Amino acid sequence: MTDELDENALTGREQAALARTRTMARLLDEAVAIPGIGYRVGLDPLLSIAPVSGDAAGAALSLYIIAEATRLGVPPKTLLKMVANVTLDTLGGSVPVLGTLVDAAWKANKRNVSLLEDHLADREDVV
C-alpha cells in the first residue's frame with residue numbers, strides 16, 4: 001500500500017461498501033478461531049468440504065466483494081487481480097482434502113479487500 005487509507009476522506013457510500021466487504025471477508029476467511037493454535041478460518045474452507053457445490057458457493061460469495069469494488073470504480077487491472085485471487089482459491093479448494101487447507105491459507109477475500117483499500121487510499125480525486 002502506497003498510502004494509508006484515511007477512512008474519514010471517503011464518502012459515506014464508500015465507507016459503507018468498505019465495511020460490507022470487510023465483514024464478508026471476515027466471515028469467509030476468519031470467522032472462527034481454531035483453539036490452541038490461534039489461527040482463524042472462515043466459511044470458505046468449511047464450504048469446500050462439500051465437493052463442487054461448496055467451492056461454487058464459496059466462489060459466489062467471494063464475487064460479492066468484487067461486485068462492490070466494481071461499483072466503487074476499481075480499475076479493470078485490479079479487478080482482474082481480484083478475479084484471479086478467487087479463481088486460484090476456487091481451483092485450489094477443489095482438490096480433495098488438500099483443497100480445504102488451501103482455502104484456509106489463501107484467504108482470497110482478505111486479499112481482495114486489501115486491494116480495494118489500496119485503490120481507495122491511492123486515489124488522487126479524494127477531497
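Quick caveat: nothing in here was measured; it's all calculated off a predicted structure.
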With sequence neighbours left out, the residues meeting side-chain contact (heavy atoms from CB on, under 4.5 Å) with Pro75 are Thr78, His119
Under the side-chain contact (heavy atoms from CB on, under 4.5 Å) test, residues paired with Val83 that sit two or more places apart: Ile66, Thr87
Under the side chain to side chain contact (heavy atoms under 4.5 Å, CB included) test against [X], which residue among [options] passes?
X	options	result
Leu18	Leu5, Thr23, Leu72	Leu5
Leu115	Asn85, Leu79, Val74, Ile65	Asn85
Asp103	Asp89, Val41, Ile49	Asp89

Answer yes if Val102 and Val95 sit in the same cluster of Ile, Leu, Val, Met, Phe, Trp and Tyr residues linked by side chain heavy atoms under 4.5 Å apart, and no otherwise. yes
Membership question, hydrophobic clusters at under 4.5 Å side-chain separation (ILVMFWY): are Tyr64 and Leu43 in the same one? yes
Could I get the full list of salt bridge (charged side-chain N to carboxylate O under 4.0 Å, His left out) partners for [X], not counting sequence neighbours?
X	answer
Glu14	Arg123
Lys110	Glu30
Arg40	none
Arg22	Glu7, Glu117

Inter-residue atom distance [X].[atom1] - [Y].[atom2], 0.5 Å rounding:
X	Y	atom1	atom2	value
Trp106	Asp29	CH2	CG	11.5 Å
Asp6	Leu120	CG	CG	11.5 Å
Asp44	Asp55	CG	CG	7.5 Å

Please name the pair of heavy atoms, one in Gly93 and one in Ser48, separated by the smallest distance, quoted to 0.1 Å. O-CB, 4.1 Å
With a 4.5 Å heavy-atom cut-off, do Lys81 and Arg111 have their side chains touching? no
Polar contact flag, side-chain donor to acceptor under 3.5 angstrom, Asn109-Ser62: yes
Steps toward side-chain contact (heavy atoms from CB on, under 4.5 Å) verdict (Val113, Arg26): CA-CA 10 Å; Val113 169; Arg26 197 170 26 259; over 6 Å; no
